[in-house]
Amino acid sequence: MYLVCGEALFDVFAAPAGSRSNRLNLEAVAGGSPFNVAVGLARLGTPSALFAGISRDYLGQRLWQVLDEEGVDTRYLVPFDAPTTLAMVALGADGAPIYSFRGEGCADRLPREEHLSAPGNEIRGIHVGSYSLVTAPIADTLLTLVRRESGRRLISLDPNIRLNVEPDLLRWRERVEAFAELAHLIKVSDEDLALLYPGEAPEAIAQRWLQGPCELVVLTRGGAGAQLFSRRHGDLYASAKAVTVRDTVGAGDTFQAALLSYLHTQGLDTAAALAQVEHDQLQALLAFAVQAAAITCSRRGPDLPYRYEIA
C-alpha cells in the first residue's frame, strides 16, 4: 500500500449560463493532486491511503465519501473544523488548467507532527507533492515524515508547482531540494523545472538529483512525451499517445499514479528493488504511465482511468 500525503479539495469549473453575463454555471469536482493520486492508485488496483487534513463541513464529508467509494483507505485522514479548500479552474486555449485557490486557513493545510500516526507495516511507499510541500504547517509535518521514513520505505516526489498558492520561488526551491534529497523516485514536469531552475538544462537537474538516494527521475513533457533518467540505465524516452485532448486536468496525477502502480504490480516498490530494475521494465513503466495519462486527457476534469482501460 502507498500512503499519499497532501491536499484534498474541490476543483470548481465555471461556464457561462446562457446569454446572461451575470450568471455562471459551476461544477465542483473532488480533487487536489495527492487526492487524485490516491484515487488513481485505487482505480488501477493498487492499495492506497491518504494522509490529509479534511474538513468536517459538507464538502469535507463529500471528499471522505468519495475516498470510501473509490476504495482509498481513510484511516490516516485528520478531521478539522476549518473549511475545505476550493480551487477555481479556468481552461486555456490548449486545454491546460489555470488555477486560483481559496485555501488560506483551510483544513488540508493544518496537519501537524502530532497528527502523524506511525505508518503500519502495510505501507510500502510514501508519496508527497504539490503545495503541501510549502504551506505551513503541513509542509514541515511531511518533511518530518519523509526524513523519518526515507530509510525504511520507498519515497516518491512530484513538486507540482502552484505559484498562485505560494508565489515565493525561493521557498519552492528550498523545499523541493529538501524533499528531493530524500526521495527515491522523482516525477516532474518540464514546466515545473523551467519555473524552479530557469535556464538550467533538465538533464543536468536530473543528474544532480541522482547523486542522492534517488534512482529514477521522470520528466513529463506534455505532447512531447516523457523522458526517464536512471542511475543504472541512463536515459529512456516514450512518445506521447495521439489523443483528442478535452483538457489536461489530472494528467500529471494520473502519470504519477501509473508509475507507482506499475512498480507495485512488478514487485519494485522498495528502494532496493528500484536500484535493480531492468531496462525493459523501465521502458514498460514509461509506456504504461503515458497511456494512462492520455486517457485522462481525453476526458473533462480529473477523471482518472481504471486498470481495465489500459492495454
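Please read these numbers as outputs of a predicted model, since none were measured by experiment. Keep in mind that the numbers below use all heavy atoms, side chains included, and drop hydrogens, waters and symmetry copies.
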For the CD atom on Glu191, are there more than 12 heavy atoms of other groups (residues, nucleotides or ligands in this structure) within a distance under 6.0 Å? no
ring-ring contact (aromatic ring centres under 6.0 Å, His included) contacts touching residues 117-156 (sequence neighbours left out): Phe101-Tyr131
By side-chain hydrogen bond (donor to acceptor under 3.5 Å, both in side chains), Arg171 pairs with (sequence neighbours left out) none
Check whether any side-chain N or O of Lys187 sits under 3.5 Å from a backbone N or O of Ser156 as a donor-acceptor pair, and report yes or no. no
Salt bridge (charged side-chain N to carboxylate O under 4.0 Å, His left out) with Arg173: which residues, sequence neighbours excluded? none
Residues in salt bridge (charged side-chain N to carboxylate O under 4.0 Å, His left out) with Glu181, at least two apart? none
Using the side-chain contact (heavy atoms from CB on, under 4.5 Å) criterion, which residues pair with Arg221? Sequence neighbours excluded. Asp190, Pro202, Glu203, Leu219, Ala224, Gln227
Residues in side-chain hydrogen bond (donor to acceptor under 3.5 Å, both in side chains) contact with Glu27, at least two apart in sequence or another chain: Arg300
Taking side-chain hydrogen bond (donor to acceptor under 3.5 Å, both in side chains) as the test, write out the residues that go with Ser55, two or more places apart. Asp57
Any Lys/Arg nitrogen of Glu113 or Arg148 sitting under 4.0 Å from an Asp/Glu carboxylate oxygen of the other? no
Side-chain donor-acceptor distances from residues 303-311 under 3.5 Å, at least two apart:
| residue | atom | partner | partner atom | Å |
| --- | --- | --- | --- | --- |
| Asp303 | OD1 | Arg43 | NH1 | 3.0 |
| Tyr306 | OH | Arg43 | NE | 3.4 |
| Arg307 | NE | Leu44 | O | 3.0 |
| Arg307 | NH2 | Leu44 | O | 3.1 |
| Arg307 | NH2 | Ser261 | OG | 2.7 |
| Glu309 | OE1 | Arg299 | NH2 | 3.1 |
| Glu309 | OE1 | Tyr306 | N | 2.8 |
| Glu309 | OE2 | Arg299 | NH2 | 2.1 |

For Glu114, the salt bridge (charged side-chain N to carboxylate O under 4.0 Å, His left out) test, sequence neighbours excluded, returns none
Residues two or more places apart in sequence or in another chain: which of them pass salt bridge (charged side-chain N to carboxylate O under 4.0 Å, His left out) with Asp253? none
Quick one: list whatever passes side-chain hydrogen bond (donor to acceptor under 3.5 Å, both in side chains) with Gln266, sequence neighbours left out. none
Which pairs, with at least one residue in residues 36-66 and sequence neighbours excluded, count as a ring-ring contact (aromatic ring centres under 6.0 Å, His included)? none
